[in-house]
Amino acid sequence: MPRIATKICGLSTPPALDAAIAGGASHVGFVFFPQSPRHLTFEKAAGLAARVPDRVQRIGVFVDPEDQSLEQAIAAGQLAALQLHKASPDRGAAIRARFGLPVWAAVPVRTRADLDQAHGWRGLAERIVYDAKTPDGALPGGMGRRFDWTLLDGFAHPAPWALSGGLYEGNVAEAVGITGARMVDISSGVESAPGVKDVDKIAAFLKAVAAL
């Protein structure tokens with residue numbers, strides 16, 4: 001196992017997925033959110049999921065999802081865990097109870113006070129994903145924004161966690177050095193345009209992480 005785990009999120013084509021797997025990603029993220037340029041239909045998710053080896057976990061990414069869409073996505077994407085954006089801990093608990101899958105909780109961060117949201121997920125979320133808070137009305141992730149990584153200094157994390165938001169090949173070493181992250185999560189940082197993954201950027205990012 002690599003020292004730092006990596007999730008390549010928002011994958012939507014076989015070449016990009018294959019590049020993530022070949023480069024050593026531990027997790028791949030499938031986005032089920034129609035407003036996102038990375039949104040997958042259930043049919044497309046099923047085709048991609050079939051290409052993923054057992055050693056790589058498929059993570060479904062959702063924004064305030066309804067049970068019906070969760071059920072279809074879980075089946076199509078052969079999902080190992082559900083990453084929830086804009087969901088309360090109570091909703092997360094209900095989803096975990098109904099579907100029997102681990103829940104990852106996305107916590108949007110701009111200030112140190114924002115981190116306190118993570119405590120509500122103690123004992124519930126398998127992983128916290130710290131991401132940059134985006135403006136009202138914007139997509140909750142995949143915007144290429146970063147937050148002040150020093151905010152995590154000394155924070156008592158309630159669960160294993162991942163660092164997301166504004167990462168790319170050129171700053172991941174700095175990010176890990178400042179935060180001590182043992183998992184990084186990237187989407188727009190390996191794209192040539194919103195929703196368009198670049199296989200060379202994926203390879204370069206994973207190579208940079210592997211060198212840490």
Side-chain angles (χ1 to χ4, degrees), residues 4-12 25 27-33 35-39 59-65 81-89 92 103-121 125-198 201-202 204-206 208-209 212:
I4 311 270
T6 307
K7 172 168 159 272
I8 306 294
C9 198
L11 293 161
S12 59
H27 300 71
V28 292
F30 296 156
V31 174
F32 299 93
F33 182 53
Q35 289 93 312
S36 171
R38 303 164 189 95
H39 171 65
I59 311 300
V61 180
F62 304 88
V63 180
D64 189 23
L82 311 175
Q83 180 176 322
L84 304 178
H85 293 252
K86 296 189 175 180
S88 69
V103 165
W104 292 17
V107 171
V109 180
R110 183 179 298 132
T111 69
R112 179 70 180 232
D114 292 329
L115 296 175
D116 291 338
Q117 299 170 72
H119 293 305
W121 292 91
E126 181 184 74
R127 190 174 300 275
I128 304 293
V129 180
Y130 299 109
D131 199 355
K133 183 179 284 188
T134 56
D136 290 343
L139 295 173
M143 301 291 286
R145 288 171 169 259
R146 57 172 278 188
F147 63 91
D148 179 359
W149 297 322
T150 64
L151 294 174
L152 294 173
D153 186 35
F155 183 67
H157 301 284
W161 57 280
L163 181 67
S164 187
L167 297 173
Y168 68 101
E169 174 198 357
N171 70 3
V172 68
E174 178 191 6
V176 169
I178 290 172
T179 65
R182 287 295 168 263
M183 182 174 188
V184 291
D185 183 350
I186 189 169
S187 183
S188 62
V190 287
E191 292 180 344
S192 57
V196 182
K197 291 291 187 285
D198 183 309
K201 288 184 177 182
I202 291 172
F205 183 80
L206 290 166
V209 174
L212 298 177

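Atom NZ in Lys86 sits 6.5 Å away from atom CZ in Phe33 (nearest 0.5 Å). Note that CD1 of Ile178 is 11.0 Å distant from CG of Leu151, once rounded to the nearest 0.5 Å. Taking OG1 of Thr179 as the reference point, atom CD of Glu174 lies at 10.0 Å (rounded to 0.5 Å). Asp153 CG to Arg112 CZ: the interatomic distance, rounded to the nearest 0.5 Å, is 7.0 Å. Here Lys7 contributes atom NZ and Trp104 contributes atom CH2; the two are 6.0 Å apart, rounded to the nearest 0.5 Å. Rounding to the nearest 0.5 Å gives a distance of 13.0 Å between CG of Leu115 and CZ of Arg110.
Of all heavy-atom pairs spanning Ala156 and His119, the tightest one is O-CE1, 3.3 Å. Nearest heavy-atom pair, Tyr130 versus Ala118, reported as atom, atom and distance to 0.1 Å: OH-CB, 3.9 Å. Heavy-atom minimum distance, Ala181 versus Ile4: O-CD1, 3.4 Å. Contact between Leu84 and Gly92 at its shortest, heavy atoms only, is CD1-CA, 3.9 Å. The two residues Ala175 and Leu163 make their nearest non-hydrogen contact at CB-CD2, 3.7 Å. Contact detail for Pro158 and Ile128: the closest heavy-atom pair is CG-CG1, 4.3 Å.
A donor-acceptor distance shorter than 3.5 angstrom exists from the side chain of Asn171 to the backbone of Gly166, with no hydrogens or angles considered.
No side-chain heavy atom of Asp114 sits less than 4.5 Å from a side-chain heavy atom of Phe147. Proximity of Pro108 to Gln117: side-chain heavy atoms (C-beta onward) are separated by under 4.5 Å at one or more points. The closest side-chain heavy-atom distance from Ile8 to Leu206 is below 4.5 Å. Side-chain contact check for Val190 versus Asp198: every heavy-atom pair is 4.5 Å or farther apart. Using a 4.5 Å heavy-atom threshold, the side chains of Val129 and Val107 count as separate. The shortest side-chain heavy-atom distance between Arg38 and Val61 does not fall under the 4.5 Å cut-off. At a threshold of 4.5 Å between non-hydrogen side-chain atoms, the residues Trp161 and Leu152 count as touching. The closest side-chain heavy-atom distance from His39 to Ser12 is not below 4.5 Å.
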side-chain contact (heavy atoms from CB on, under 4.5 Å) between Ile202 and Leu11, worked out: CA-CA 11 Å; Ile202 291 172; Leu11 293 161; 4.2 Å; yes
Residues Arg182, Val176; criterion side-chain contact (heavy atoms from CB on, under 4.5 Å); working and verdict: CA-CA 8 Å; Arg182 287 295 168 263; Val176 169; 4.1 Å; yes
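Ring geometry for Phe62 versus Phe32: interplanar angle under 30°, hence parallel rather than tilted (30 to 60°). Ring geometry for His157 against Phe155 counts as perpendicular: the plane angle is over 60°, on a 0 to 90° scale with 30° as the lower cut.
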